[in-house]
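In what follows, a single structure is set out as structure tokens and then discussed.
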Amino acid sequence: MVTLEELKAVFKPKLKPIIWREDSLDLLDQSALPFQTTYITVKTPEEVAKAIKLMQVRGAPAIGITAGYGMVLALISTKPNTLNEAIEELVKAKQIMDQARPTAVNLSWATSRMLNFAKKKIEEGEAKSVSELIQLMKEEANRIYEEELEAELKIGMYGLEKISDGDTILTQCNAGGLATGTGLGTALAPVKLAHYLGMKVSVIAPETRPWLQGSRLTVYELMAEGIQVTLITDTAVGLVIYKNMVNSVMVGADRILKDGHVFNKIGTFKEAVISHELGIPFYALAPSSSFDLKSKVDEIKIEERDPNEVRTIRGIPIVPENVKVYNPVFDVTPPKYITALITEKGVIYPPFEKNIPKIIGL
Ligand code: MRU
């Protein structure tokens, strides 16, 4: 097995989707890619929530990292006079940001972590003033970022064991460095690291209608790395698996439940069922911050977005005006279709109900 140190030595991020500026946050605007490379600056939790809603920052881990910094911005922008007021501002900021998008658990995971951290530092007497609290919160938000990158390198390390030289991987959406904010990614980490280690690997990327994360972002990200990528329509997925054009399927996750149900970008379920039926391994790759060991499958809200995302392509109408549209942007894959979950804590095989709590240990 390749070691973590070897992987750290070969990984040189080409993308910087999230840049912390000490009193503001710059976000690479993913809604404008690949046509424009522009950053937006956010300074308040409201601006963070707006950027998440508009998907200027998107992907479960990237949303989590951004919301972590958003909690620091809550204190910097409101300038509370007392530690009690600071906690009130953090509670408000958490509410504002948690509502921005419902499915990715990393969002509320990060805001809860930051709020609990603040309470603990005050209780323990380590934060005696608001400015001390802000400093400690900055360090904690940076830690969320650093831990995410470390987790992705480990996910890549375990995922590499499932890849052979010459393999082609089918993915869905963009679960690369744009989606995680670190420049590496989850589902794309093994492929990228294999490429850095000199292996020949390629990716098949479905467009991922309606927001086109596959054709706009995955293609852009892999081409920037010099990794061979072939774009297909979402409707071609069945055929490419049937024609043995892929060796495995690797996708990310927005939320994984204790029993192994995986919530991810719409289209993931179809890939899982077809690959299971045709004997191709299907892996979901995610850090432990994407696991939700408390909720039941029916309790999770699947986000539905604006019908105009389906009625148009980048603003250009493509259907009869005002046609009724159903636009769920995530689906849920039952555990029986999943070969394994690849996390920073190791590879989790079925039975998931038993093995997820054992390995994730939350
Ligand atoms: O709607 P998006 O673009 O935020 O959805 C992203 C996905 O579904 C990703 O696969 C998931 O967040 C994992 S990202 C590493």
Side-chain angles (χ1 to χ4, degrees), residues 15 17-18 27-31 33 51-67 100-110 145 148-149 151-156 159 169-192 203 205-221 234 249-256 262-272 282-292 300-306 309-310 327-333 341-344:
L15 296 165
I18 297 174
L27 300 169
L28 176 58
D29 183 354
Q30 299 191 36
S31 67
L33 286 173
I52 293 173
K53 260 190 206 132
L54 295 177
M55 292 171 66
Q56 289 169 306
V57 58
R58 47 138 305 273
I63 292 172
I65 291 169
T66 304
R101 293 191 74 195
T103 310
V105 72
N106 305 59
L107 177 53
S108 58
W109 170 86
Y145 181 95
E148 174 58 36
L149 178 56
E152 289 168 27
L153 285 159
K154 288 184 182 162
I155 288 170
I169 316 296
L170 175 68
T171 189
Q172 174 65 350
C173 190
N174 169 262
L178 289 165
T180 64
T182 64
L184 182 56
T186 52
L188 296 185
V191 172
K192 282 190 180 177
V203 173
E207 285 178 298
T208 317
R209 280 271 293 146
W211 212 74
L212 303 175
Q213 288 94 329
S215 51
R216 291 191 305 106
L217 307 178
T218 296
V219 166
Y220 166 85
E221 187 171 333
D234 297 319
V249 182
M250 292 192 173
V251 299
D254 283 81
R255 190 185 290 249
I256 302 177
V262 171
F263 290 79
N264 193 49
K265 181 54 54 191
I266 193 85
T268 301
F269 176 40
K270 175 178 69 178
E271 290 188 0
F282 176 94
Y283 304 108
L285 299 87
S288 43
S289 55
S290 298
F291 282 74
D292 169 2
I300 306 308
K301 185 161 184 231
I302 293 202
E303 179 182 4
E304 288 175 34
R305 292 184 64 87
D306 186 343
E309 286 186 351
V310 180
N327 184 20
V329 298
F330 296 99
D331 61 26
V332 53
T333 299
L341 303 167
I342 301 180
T343 77
E344 81 278 21

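One-based numbering, in listed order, for ligands and for the atoms of each.
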### Message
Give me the residue, atom name and distance of the protein heavy atom closest to atom 7 (C) of ligand 1.
### Response
Asp254 OD1, 3.2 Å
#### Entry: atom 5 (O) of ligand 1: the protein heavy-atom neighbour that sits closest, reported with distance to 0.1 Å
Lys265 CE, 3.3 Å
### Message
Checking the N or O distance criterion of under 3.5 Å, is ligand 1 in contact with Arg101?
### Response
yes
### Task
Using a strict cut-off of 4.0 Å, indicate which atoms of ligand 1 neighbour a heavy atom of Pro61.
14 (S), 15 (C)
### Message
Could you tell me, atom by atom, which parts of ligand 1 come under 4.0 Å of a heavy atom of Thr186?
### Response
15 (C)
## Note on the structure
Logged contact type for Gln213 with ligand 1, heavy-atom cut-off 4.0 Å, is side chain
### Message
Using heavy atoms and a 4.0 Å limit, tell me yes or no: is Trp211 in contact with ligand 1?
### Response
no
#### Entry: Test item: Trp109 and Ile63 side chains (from C-beta on) under 4.5 Å apart, heavy atoms
no
### Task
Consider only side-chain N and O atoms of Glu152 and Thr182, and report whether a donor and an acceptor are under 3.5 Å apart.
yes
#### Entry: Where ligand 1 meets Thr180 - atom numbers and elements under 4.0 angstrom, heavy-atom basis
15 (C)
### Task
Identify, by atom number and element, the atoms of ligand 1 in contact range of Ala179, meaning under 4.0 Å from any of its heavy atoms.
14 (S), 15 (C)
### Task
Examine Phe330 against ligand 1 and note whether any of their N/O atoms are separated by less than 3.5 Å.
no
### Query
Heavy atom of Ala253 under 4.0 Å from ligand 1?
yes
### Message
With heavy-atom distances below 4.5 Å as the criterion, would you say the side chains of Leu27 and Gln56 are in contact?
### Response
no
### Query
Looking only at N/O atoms, are Ala60 and ligand 1 under 3.5 Å apart anywhere?
yes
### Query
Is the closest heavy atom of Met55 to ligand 1 under 4.0 Å?
yes
### Message
Please list, in number order, the atoms of ligand 1 under 4.0 Å from a heavy atom of Cys173.
### Response
3 (O), 5 (O), 6 (C), 7 (C), 8 (O)
### Task
Considering the heavy atoms of Asn264, write down every atom of ligand 1 situated less than 4.0 Å from one of them.
7 (C), 8 (O), 9 (C), 10 (O), 11 (C)
### Query
Which of these, Ile18, Leu217, Leu188, Val57, sits in a side-chain contact (heavy atoms from CB on, under 4.5 Å) with Leu178?
Leu217
### Query
Among side-chain atoms of Asn174 and Arg216, is any donor-acceptor pair under 3.5 angstrom?
no
